[in-house]
Q: 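Got a structure here, written out as C-alpha cells. Questions coming.
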Amino acid sequence: MRVPPLPELPEVETTVRGLRPVLEGRTIAEVEVRRERLRFPFPPDLRQRLTGARVTGLGRRAKYGLVHTDRGTLVFHLGMTGKWRVDPAADDKHDHFMLRTDEGRRLFLNDHRRFGSVDMVDDDALPTYAPLAALGPEPLGPDLTAAHLRRALAGRTGGIKTLLLDQRIVAGLGNIYVCEALHRSGIAPGRMGGGIAEGRLERLVVAVRKVLEESIAAGGTTLRDFQHPDGDLGYFANSFRVYGREGERCGCGATVKRRVEGGRSTFYCGRCQR
DNA sequence: ATGTCCACCTGCTGGC
DNA sequence: TGCCAGCAGGTGGACA
C-alpha cells in the first residue's frame, strides 16, 4: 500500500527550498485571493499589503512556511493537502491564493481540503505570534535532546505517540514521522510518556532526526531530478517502514499492525516495539 | 494542567 | 454500474 505523504516538516522544508529560487529577492507584482478563507479567514489587507512587497528571504518553523518581506512575514500552513504549484499548465479549482512575481512567475497555493492557512505578521510581532511562540524545539536543531524530552514528558500519563504529536513538546512531527521514529527506536506507541528511560529517549531523538533528514534528502533529490508537469511543490515519493503498511511484513518478520487512537491510525510492529 | 473528543473539508474506497 | 457511508488527519477549541 502506498500513501501520499502529508505535509509534515520534511515536506514543508522541501516546499520552502523549492519556492526560494522563485521568490527570494523578487517583488510581488500581483496577488489574487480567490476565496474568503481556508481554515481561517485570509487577512483582509493581504492583497494590498503584499502587492509591491519585496521578498527578503524564506524560512520554516515546524510545519509553517515563512516568506519574509519588507512589509512583514507571510506565514503559511499546508494543513493536510496544501501544496504550492509553480507556473501550472492549467487552472485548478482548488487554487485559492496566487502570487505573481516581477519575473512573471505564478505561484498558486492549492489545498483541496482547505485545512491550510495563510496569515501576515508584522516583523516586531513575529517573536510573540501565538501559533509560533507556543511551539517546542525544532527536531533538527540543537534543542531537541533526551534531556528536553525527559523534562517535557515528566509526569505525563498519555501514550508517547500522542504526546509526540503535541507541537509544544516537539515541533513539526505528524502522524507519519511519529510512527516511523517510534518504530526505528523500538518504542511501543502506547507506552506512557512519563515512564520512558533516558537511554530510550536518546534513541528516540536519534530516530526522529534520522527519519526527517532522510525524508528531506529524498525531497531534495525529487526537486532536483524531477520536474512535475504542474510544478507541484510539497509532495514527493517516499517509502515508510510501518506507516500505511498494515498487514505487511516488518523487517523483523512480524506483521505490521494498525491501531486507532483518538481517531488517528497508529502503525507499529508489536515485536520490534516494546 | 492534562487528557479526550470533535469540527473543519473533500477525494477516494469499499460494500451493496 | 451507481450510489453513499466511511475514512483520512493537523489544529484549535470544548469539555470533564
Q: Let me check something: any side-chain donor-acceptor pairs from residues 191-198 of chain A under 3.5 Å, sequence neighbours excluded? List them with distances.
A:
{"from": "A/Arg191", "atom 1": "NE", "to": "A/Arg274", "atom 2": "O", "distance (Å)": "3.2"}
{"from": "A/Glu198", "atom 1": "OE1", "to": "A/Arg150", "atom 2": "NE", "distance (Å)": "2.5"}

Q: Considering only NZ, NE, NH1 and NH2 on the basic side and carboxylate oxygens on the acidic side, decide whether A/Asp95 and A/Arg85 come within less than 4.0 Å.
A: yes
Q: So, is A/Arg114 close to the B/dT10 phosphate, meaning a side-chain N or O under 4.0 Å from OP1 or OP2?
A: yes
Q: Which residue pairs pass the side-chain hydrogen bond (donor to acceptor under 3.5 Å, both in side chains) test with at least one member in residues 44-54 of chain A, sequence neighbours excluded?
A: A/Arg49-A/Asp122
Q: Rounding to 10°, can you tell me the angle the first-five-pair axis of the helix from B/dT2-C/dA16 to B/dC16-C/dG2 makes with its last-five-pair axis?
A: 50°
Q: Would you call A/Cys269 and A/His183 a side-chain contact if the rule is heavy atoms closer than 4.5 Å?
A: yes
Q: Measure the distance from CZ on A/Arg39 to P on B/dC9 and round it to the nearest whole Å.
A: 10 Å
Q: Name the pairs: protein N/O against N/O of nucleotides 11-15 of chain B, kept only if under 3.5 Å.
A:
{"from": "B/dG11", "atom 1": "OP1", "to": "A/His94", "atom 2": "NE2", "distance (Å)": "2.7"}

Q: Going by side-chain hydrogen bond (donor to acceptor under 3.5 Å, both in side chains), name the pairs with one or both residues in residues 158-169 of chain A, residues two or more places apart or in two chains.
A: A/Lys161-A/Asn175, A/Lys161-A/Thr266, A/Asp166-A/Arg168
Q: For A/Arg105, give me all partners under salt bridge (Lys or Arg N to Asp or Glu O under 4.0 Å), at least two apart in sequence or on another chain.
A: A/Asp87
Q: Quick one: A/Leu38 CG to B/dC8 C1', roughly how many Å, whole number?
A: 12 Å
Q: Residues sharing A/Tyr64's hydrophobic cluster, by side-chain heavy-atom contacts under 4.5 Å among ILVMFWY, directly or via others?
A: A/Leu66, A/Val75, A/Val121, A/Leu126, A/Tyr129, A/Leu132, A/Leu135
Q: Do the side-chain N and O atoms of A/Ser265 and A/Arg258 include a donor-acceptor pair separated by under 3.5 angstrom?
A: yes
Q: Tell me, please, which residues at least two apart from A/Arg249 pass salt bridge (Lys or Arg N to Asp or Glu O under 4.0 Å).
A: none
Q: Which pairs pass side-chain hydrogen bond (donor to acceptor under 3.5 Å, both in side chains) with one or both residues in residues 151-160 of chain A, sequence neighbours excluded?
A: none
Q: Under 4.0 Å, counting only non-hydrogen atoms across every strand here, what does A/Arg258 touch: a base, just sugar-phosphate, or nothing?
A: sugar-phosphate
Q: Produce a footprint string for nucleotides 1-6 of chain B: one letter per nucleotide, 5' end first; B if the base is under 4.0 Å from any protein heavy atom, S if only the sugar-phosphate is, - if neither.
A: -SS---
Q: Could you check A/Arg245, A/Glu246, A/Arg241, A/Glu180 and say which one makes a side-chain contact (heavy atoms from CB on, under 4.5 Å) with A/Phe267?
A: A/Glu246
Q: Can you give me the first and the last nucleotide of DNA chain C (5' to 3') that has an atom within less than 4.0 angstrom of a non-hydrogen atom in chain A?
A: C/dA8 to C/dG12
Q: With respect to A/Phe108, which candidate in A/Arg100, A/His94, A/His96, A/Met98 satisfies the side-chain contact (heavy atoms from CB on, under 4.5 Å) definition?
A: A/Met98
Q: Salt bridge (Lys or Arg N to Asp or Glu O under 4.0 Å) with A/Glu103: which residues, sequence neighbours excluded?
A: A/Arg26
